[in-house]
Amino acid sequence: MFEKDCIILKPSCGIFITMNPGYAGRSELPDNLKSLFRPIAMMTPDSVKICEVLLKSEGFNNDELAKKIDSLYYLMLQQLSKQDHYDFGLRAIKSVLMAAGHIRRDEFNRQEEMKSANKDQADSAQYDEKTQERLILMKAIRDMNIPKLVAEDIPLFNALFNDLFPNMDLPEACLLYTSP
C-alpha cells in the first residue's frame, strides 16, 4: 500500500542500491531508507589484476607494470597531502592506463608512418619493447598526475616515481623511437 494505492509487487523483481558514502561528494543513505534495505558487504577489488587486464587490453605485454602502477597509487594515497581534488583510486588508475594506451597507439602509428616513408632505410627502435612500454606508462602517469598536484606534493611524487622506475629517465620530448 502506497498513498492509499495498492501496488502489486512481483517476487522476481528486486531493488538494489549501491553506495560509496566515503567517496567525495557522496552522502549517507537516510535511516528511514536504510531500514527498508538489507546491507551487503563488498570486498575490495584486486586492483593489480584489474591493472593487468586493462594493460593487456591496451596492448601492453610487460607484466610488471600493473604492480608498479598499483604500488605508486597506493603510496600516493598514503603519503601525499590530503586534497579534495585528489583521486588515487581505480577510476584514476583506469584513466592513466587508457591514456597510456592512447600514447602507445600514437607511437605505433608514428613508427608505421616512418617505416612506410623510408622503406629503403632500416628502422631500428631506440629501446626494446619492455623499455618502450615502461616509458609510455611513465609519460602517462606524469601527464595525468603532475597537473593536479599541489606544489608541495610534486617533490614527493617525483621521489615515489623515481623509486618505482629506477634508472629510467623519461626523455624530455618522450620520443620513444629513433627517427631515420
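Computed from a predicted model, the values in this text were never measured in an experiment.
A 6.0 Å sphere centred on OH of Tyr74 holds no more than 12 heavy atoms belonging to other residues, nucleotides or ligands. Within 6.0 Å of the NZ atom in Lys82, the count of heavy atoms belonging to other residues, nucleotides or ligands exceeds 12.
Side chain of Lys56 to backbone of Cys51: no donor-acceptor contact under 3.5 angstrom is found. Not one N or O on the side chain of Glu58 forms a donor-acceptor pair closer than 3.5 Å with the backbone of Leu97. Checked by atom type and distance alone, the side chain of Asp70 never pairs as donor or acceptor with a backbone atom of Ala66 at under 3.5 Å. Of the possible donor and acceptor atoms, one in the side chain of Asp153 sits under 3.5 Å from a partner among the backbone N and O of Ser81. Of the possible donor and acceptor atoms, none in the side chain of Arg142 sits under 3.5 Å from a partner among the backbone N and O of Met138.
Residue Lys148 comes nearest to Ala92 through the heavy atom pair NZ-CB, 4.4 Å, listed as atom of the first residue, atom of the second, then distance. The minimum heavy-atom distance linking Pro155 with Ala151 is given by the pair CD-O, 3.4 Å. When all heavy atoms are compared, the tightest approach of Pro166 to Asp163 is CD-O, 3.5 Å.
Met98 and Val53 end up in different hydrophobic clusters when Ile, Leu, Val, Met, Phe, Trp and Tyr side chains are linked at under 4.5 Å. Hydrophobic clustering (side-chain heavy atoms under 4.5 Å, transitive across Ile, Leu, Val, Met, Phe, Trp, Tyr) keeps Val48 apart from Leu90. Each of Ile17 and Ile40 belongs to its own hydrophobic cluster when Ile, Leu, Val, Met, Phe, Trp and Tyr are linked at side-chain heavy-atom distances under 4.5 angstrom. Grouping the Ile, Leu, Val, Met, Phe, Trp and Tyr side chains by contacts below 4.5 angstrom, directly or via other members, places Ile50 with Leu77. Put simply, Leu33 and Ile15 are part of the same group of oily side chains (I, L, V, M, F, W, Y) that touch within less than 4.5 Å, one to the next.
With rounding to the nearest 0.5 angstrom, the CZ atom of Phe108 is 11.0 Å from the CD atom of Glu113. Atom CD in Gln78 sits 11.0 Å away from atom CZ in Phe88 (nearest 0.5 Å). With values rounded to the nearest 0.5 angstrom, Glu129 atom CD is found 5.0 Å from Asn61 atom CG. Taken from NZ in Lys94 to CD1 in Ile69, the straight-line distance is 13.5 Å, to the nearest 0.5 Å. From Ile146, atom CD1 reaches atom CZ of Phe157 across 4.5 Å, with rounding to the nearest 0.5 Å. Taking CD of Gln132 as the start and CG of Leu137 as the end, the distance is 13.5 Å to the nearest 0.5 Å.
Residues His102 and Asp106 are in side-chain contact: their nearest non-hydrogen atoms beyond the backbone lie under 4.5 Å apart.
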From CA spacing to verdict: salt bridge (charged side-chain N to carboxylate O under 4.0 Å, His left out), Arg110, Glu107: CA-CA 5 Å; Arg110 191 174 68 76; Glu107 287 294 326; 3.1 Å; yes

Given side-chain contact (heavy atoms from CB on, under 4.5 Å), test Val96 with Asn145 step by step and report yes or no. CA-CA 9 Å; Val96 165; Asn145 285 291; 4.1 Å; yes

For Leu72 and Lys68, run side-chain contact (heavy atoms from CB on, under 4.5 Å): C-alpha distance rounded to whole Å, both residues' side-chain angles, the deciding distance at 0.1 Å, then the answer. CA-CA 6 Å; Leu72 177 64; Lys68 282 185 181 275; over 6 Å; no

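A cation-pi arrangement is absent between Arg134 and Phe165, since the terminal nitrogen or guanidinium carbon is not both under 6.0 Å from the aromatic centre and inside a 45° cone about the axis.
With Asp87 as the fixed residue, the side chain to side chain contact (heavy atoms under 4.5 Å, CB included) test singles out one of His85, Arg91, Gln83: Arg91.
Contact check on Lys49 versus Glu52 returns a salt bridge, with a Lys/Arg side-chain nitrogen under 4.0 Å from an Asp/Glu carboxylate oxygen.
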